Chemist: 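Mind looking over this structure? Questions follow.
What you are looking at is a predicted structure, and each value in this text was computed from that prediction instead of being measured.
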Amino acid sequence: MNKLVLVDGNSIAYRAFFALPLLNNEKGVYTNAIYGFTTMLLKILEEEKPTHMLVAFDAGKTTFRHNTYKEYKGGRQKTPPELSEQLPVMRDLLKAFNIAHYEVENYEADDIIGTLAKIGEEEKWKVKIFSGDKDLLQLVSENVHVALTKKGISNVDTYDLKLVDEKYGITPNQIIDMKGLMGDSSDNIPGVTGVGEKTAIKLLKEFKSVEGLYDSIDQVKGKLKEKLETNKEEAFMSKKLATIETNAPVEIRFEDIVLVEPDYEKVVSLFKELEFSSLLDRFDSEEGECHENIEDLDLTIMNEIRDEILHSPSSVVVEVLEENYHDADILGISIVNKKGNFFIPIDIASKSEIFRQWAENESMEKWVFDAKRAVVALGWKNIILRGVSFDVQIASYIIDPSSNAHDLSDIAKRKKSISVQSDEFFYGKGKKRHIPDQSDLAQHLVRKASIINDVKADLEKELKDNKQYELFKELEMPLSIILGTMEMTGVAVDKDELREMGSQLGEKLEEMEKQIHSLAGMEFNINSPKQLGEVLFEKLNLPVIKKTKTGYSTSADVLEKLQDQHEIIEKILHYRQLGKLNSTYIEGLLKVIHKKTGKIHTIFNQALTQTGRLSSTEPNLQNIPIRLEEGRKIRHAFIPERENAVIFAADYSQIELRVLAHISKDENLIQAFNEDLDIHTKTAMDVFHVNKEEVDGQMRRTAKAVNFGIVYGISDYGLSQNLGITRKEGKEFIDRYLESFPGVKDYMENIVDEARAKGYVTTMLQRRRYLPEITSRNFNLRSFAERTAMNTPIQGSAADIIKKAMVDMAEEMETRNLKSQLLLQVHDELIFEVVEEELEIMKEIVPKIMENAVELAVPLKVDYSYGKTWYDAK
DNA sequence: GCCGGCACGC
DNA sequence: GACGTACGTGCCGGCC
């Protein structure tokens, strides 16, 4: 069966333009409307699979409708030039996709669509129309459906006869009567003054049409009748204007709009030019791969390792398929250098003494993608990879942390190197994952190494141009090796302690479950928000505070508000808290204890967060409970590996606010830290204009929340949620804070200006974050970008500082030949295992090195403590 | 296998 | 015309 898709090009472009922030590519060409338009096209191709397709555009300024009414579309704002300039590119894209586009002098896109839809319908084809304009609904029929954009652009509602009736209570051909009566301000169609959608529909239900209405005008009473009579002429004219012409002079035959395969090469090159890397991926993985002409690289499979191929520098790929690379299988190793392209099967490499010596030789330079992965994977095989001088993944992350270059193929595309299939595509994902045969594997790995070789110089230049080379070379590169060592070292855990806590928790949970069920008067799954919501708000009839997309909200802040209404609430909150401890922390941690080492080996992601912080996975050791005592007890299970050693934790006190004092140069804040005041009390004194003795608990809590807000860049809304106050009050607190710290206020204003001017903000050590949305006309997006501009230099500089401290600390421990080890980093604290004989020296050097990692306008302060478990290091 | 809701840390 | 409210990770239930 034939399926015809008709797209209202102008309407979709217009919607896309306003729905998306004003993106532009490197050359400064605006691309937001093109991007939105393209995602829509891809979605249509994928989901509709049309046999015929046409995109219609408006032509020229005037149409036949202007003969009827010369003010038609009058007073409409001129199409923004930022949008107009994008329209020709959309036509180019359509050509590349081999999708027909069409326009007719004196007619609008609607008329072309109407005409073709009618023909399609007569032929009994399925017809689907895409637009943002409700007028098109008049074309809906049994076989003609209209998809209207709702939120954003790719989100559509598809109207058939039933949905039109549901939404409007009228038939599609009555849409024009409705428009006739209510008018349309966007097209400057007058309609009947004082009649809106509601009245129009009411009238049409009774009188069927504009004609029918005026034939029986005497049945209408009062003011409405008067209005209808005075505007009779306008009503008929408006109906005429709103009517889509279904006999427009469209000189196009269906064979001209048969949909054929896109011209992949052209599409890919346009996407590259437009910098649509995410679409490039989609396009590639959906259809491009099999069409892209990949010429195999020449390579040698080494069944014996010869010294002369192990050259310096070499681009190296140590391929580990598992996402978790601890003790994982290595599939093979590829090396690309001046001597050629080589693939080394893993059993050859692991047995070769020549290979080991080369790998472990610091002076043999290696360029890689994801150094830590290679170092740790080889580390588990007792090969210590040294001399890694360039990590393409980290370089790419430093240049732009938003690029999320988790896959080398993305970088290859961006840097216009040779193409390589994404790992996901090459190996397959989920159940379909498989290891290809050796020759394909060799080709894939050699291509990857070759890309590393290709892009290295380019990335290095970019780092230098951005003044980020030092950050890369002196901070992040050494850090990746340090992190690798920490991961390999792992953290020892007391399994029995965890199990004991688990069984106690289990008992308690069972008991609580019974209590909750009896209070509810029925059995249900407390962990299901859906079931819980039904129990609380339907069975127990508690007041609904908040709803989510899918039903009632049962989040902690909602439950807290209901606490005094029913004794079940408190029990549910407690049940949730313990349930979380049991599933995530007890069971979760037990699951990831390594079979061979009996320790927990996390993986730090060094190239992920937008601010420069690390993250930790499998398990996440950066969110082990501490706030509530019950959870904090989990820390009892984290112990030193060696006898007579302790867990030693050192944390920066108020590092973000100290950084803020430094970069804002606010005198009040600087003075506060120079005098080592309690910063929340000091803030409360200034914000509430009271002296120290008058600051009560509530005031200090509020001040603390405000400081929290400043540090994390939350909005007045966020602060209000935090404190349970109104948004207005939240804003007041922020304003009063800024009055008290005028230097901070200046900083906040200046940094936003700077972000607008440059397009990005930087941290103390030149880390960058791009904020394209800072010029968005969308209030929410813009505000978010502005808060990010204020916050990222603070949080990011704090991240810089602790990273620097880690590098300095590693160096110090190396020169002193210490046996103690760094185990974890939790954003503002470092956790070590310290052996007894080094305790005194560590007490001295850890705070010293952390406090002197950088020099600020205020002192950095480090507190430390230690004990026989992580719990005791408090 | 994916998504939404929820909760933990800084 | 309004794709969402600091950053992350991970668990569960419910849906496909």
Chemist: Hey, what do you get for OG (S776(A)) to CG (L771(A)), rounding to the nearest 0.5 Å?
Modeler: 12.0 Å
Chemist: Is there a side-chain contact between N791(A) and the phosphate of dA6(C), meaning an N or O under 4.0 Å from OP1 or OP2?
Modeler: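 Looking at the OP1 and OP2 atoms of dA6(C), neither is under 4.0 Å from any side-chain N or O of N791(A).
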Chemist: Measuring from atom CD1 of I714(A) to atom CD1 of I734(A), what distance do you get when rounded to the nearest 0.5 angstrom?
Modeler: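 Nearest 0.5 Å value for the CD1-CD1 distance: 7.0 Å.
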Chemist: Give a yes/no answer on whether the side chain of T548(A) brings an N or O atom under 4.0 Å of OP1 or OP2 in dG5(B).
Modeler: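 The answer is yes; a side-chain N or O of T548(A) sits under 4.0 Å from OP1 or OP2.
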Chemist: For dG5(B), does either OP1 or OP2 sit under 4.0 Å from a side-chain N or O belonging to T550(A)?
Modeler: yes
Chemist: Measuring from the side chain of I714(A) (C-beta onward, heavy atoms only), which nucleotide among dC8(B), dA6(C), dG14(C) has the closest atom?
Modeler: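 So the nucleotide nearest the side chain must be dA6(C).
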Chemist: Look at all strands and tell whether S715(A) reaches a base, only sugar-phosphate, or nothing, counting heavy atoms closer than 4.0 Å.
Modeler: base
Chemist: Look at the side-chain N and O atoms of T617(A) and state whether any lies under 4.0 Å from the OP1 or OP2 oxygen of dG8(C).
Modeler: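 Checking T617(A) against dG8(C): no side-chain N or O falls below 4.0 Å of OP1 or OP2.
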Chemist: With a 3.5 Å cut-off and heavy atoms only, can you find an N or O donor on one side and an acceptor on the other between the side chain of R627(A) and the base of dC8(B)?
Modeler: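 Answer no: no donor N or O sits under 3.5 Å from an acceptor.
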Chemist: Within the structure shown, what part of the strands sits under 4.0 Å from D716(A) by heavy-atom distance: base, sugar-phosphate, or nothing?
Modeler: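 No contact at all - D716(A) keeps every heavy atom at 4.0 Å or more from the nucleic acid.
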Chemist: With sugar-phosphate meaning primed atoms plus P, OP1 and OP2, does Q610(A) contact a base, only sugar-phosphate, or nothing at under 4.0 Å between heavy atoms?
Modeler: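 Sugar-phosphate, no base atom in range.
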Chemist: Determine which nucleotide pairs with dC6(B), using a 3.5 Å limit on both distances of a Watson-Crick or G-U wobble pair.
Modeler: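 Because both required distances fall under 3.5 Å, dC6(B) counts as paired with dG10(C).
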Chemist: Taking only side-chain nitrogens and oxygens of Q531(A), does any of them come within less than 4.0 Å of OP1 or OP2 of dG14(C)?
Modeler: yes
Chemist: Counting side-chain heavy atoms from C-beta on, which of dG10(C), dG1(C), dG9(B) comes nearest to R635(A)?
Modeler: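 Selected nucleotide (nearest to the side chain): dG9(B).
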Chemist: Return the nearest nucleotide to the side chain of S555(A); candidates are dA7(B), dG10(C), dG1(C).
Modeler: dA7(B)
Chemist: Any salt bridge linking E773(A) with R782(A)? Criterion: basic side-chain nitrogen under 4.0 Å from a carboxylate oxygen.
Modeler: no
Chemist: Starting the side chain at C-beta, find the nucleotide from dG8(C), dG10(C), dG14(C) nearest to T609(A).
Modeler: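 Per side-chain heavy atoms of T609(A), the pick is dG8(C).
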Chemist: Establish, from distance only, whether the side-chain atoms of R768(A) and Y760(A) form a donor-acceptor pair under 3.5 Å.
Modeler: yes
Chemist: Pick the nucleotide of DNA chain C nearest each of H827(A) and R727(A); which residue has the one closer to the 5' end?
Modeler: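 Comparing both residues, the 5'-ward one is R727(A).
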Chemist: Using a heavy-atom cut-off of under 4.0 Å over every strand shown, decide if L614(A) touches base, sugar-phosphate, or nothing.
Modeler: nothing
Chemist: Is E656(A) touching bases, backbone alone, or none of the nucleic acid, heavy atoms closer than 4.0 Å?
Modeler: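 No contact at all - E656(A) keeps every heavy atom at 4.0 Å or more from the nucleic acid.
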Chemist: So do D872(A) and I647(A) actually touch side chain to side chain, heavy atoms under 4.5 Å?
Modeler: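 Contact flag for I647(A)/D872(A) side chains = no.
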Chemist: May I ask you to say what T554(A) touches in the nucleic acid, namely base, sugar-phosphate or nothing, with a heavy-atom cut-off under 4.0 Å?
Modeler: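 If one applies the 4.0 Å heavy-atom cut-off, T554(A) turns out to touch the sugar-phosphate alone, with no base involved.
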Chemist: Thinking salt bridges, do E587(A) and K591(A) make one under a 4.0 Å N-O criterion?
Modeler: no
Chemist: Counting only side-chain heavy atoms from C-beta out, which of dC10(B), dG14(C), dG1(C) sits nearest to D828(A)?
Modeler: dC10(B)
Chemist: Should S615(A) be listed as having a side-chain N or O under 4.0 Å from OP1 or OP2 of dT9(C)?
Modeler: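 S615(A) to dT9(C) OP1/OP2: side-chain N or O found under 4.0 Å.
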Chemist: Does S783(A) reach a base, just sugar-phosphate, or nothing at all? Heavy atoms under 4.0 Å.
Modeler: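 Nothing, no nucleic acid heavy atom in range.
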Chemist: Do N527(A) side-chain and dC12(C) base share a donor-acceptor contact under 3.5 Å?
Modeler: no
Chemist: Determine the Euclidean distance between corresponding P atoms of dG1(C) and dT5(C); express it in Å to zero decimal places.
Modeler: 23 Å
Chemist: Distance check, C1' atoms only: dA6(C) and dC2(B), in whole angstrom units.
Modeler: 26 Å
Chemist: Any idea which of dC3(C), dC8(B), dG8(C) is nearest the Y585(A) side chain?
Modeler: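 Shortest atom-to-atom distance from the side chain points to dC8(B).
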Chemist: Give one of base, sugar-phosphate or nothing for F784(A), where a contact means two heavy atoms less than 4.0 Å apart.
Modeler: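 If one applies the 4.0 Å heavy-atom cut-off, F784(A) turns out to touch the sugar-phosphate alone, with no base involved.
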Chemist: Return whichever of R613(A) or P619(A) has its heavy-atom-nearest nucleotide of DNA chain C closer to the 5' end.
Modeler: R613(A)
Chemist: Between dC6(B), dC10(B), dG1(C), which nucleotide gets closest to the side-chain atoms of S553(A)?
Modeler: dC6(B)
Chemist: Work out how far the P atom of dG5(B) is from that of dG4(C), and round it to whole angstrom.
Modeler: 12 Å
Chemist: Give one of base, sugar-phosphate or nothing for L581(A), where a contact means two heavy atoms less than 4.0 Å apart.
Modeler: nothing
Chemist: Please assess Y35(A) against T39(A) for the test side chain to side chain contact (heavy atoms under 4.5 Å, CB included), listing each intermediate value before the final yes or no.
Modeler: CA-CA 6 Å; Y35(A) 182 84; T39(A) 51; 3.8 Å; yes
Chemist: Across the strands shown, which category fits S616(A) at heavy-atom distances under 4.0 angstrom: base, sugar-phosphate, nothing?
Modeler: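 Since only primed, P, OP1 and OP2 atoms lie under 4.0 Å of S616(A), the category is sugar-phosphate.
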Chemist: With a 3.5 angstrom cut-off on both distances, give the Watson-Crick or G-U wobble partner of dA2(C), or none if there isn't one.
Modeler: none
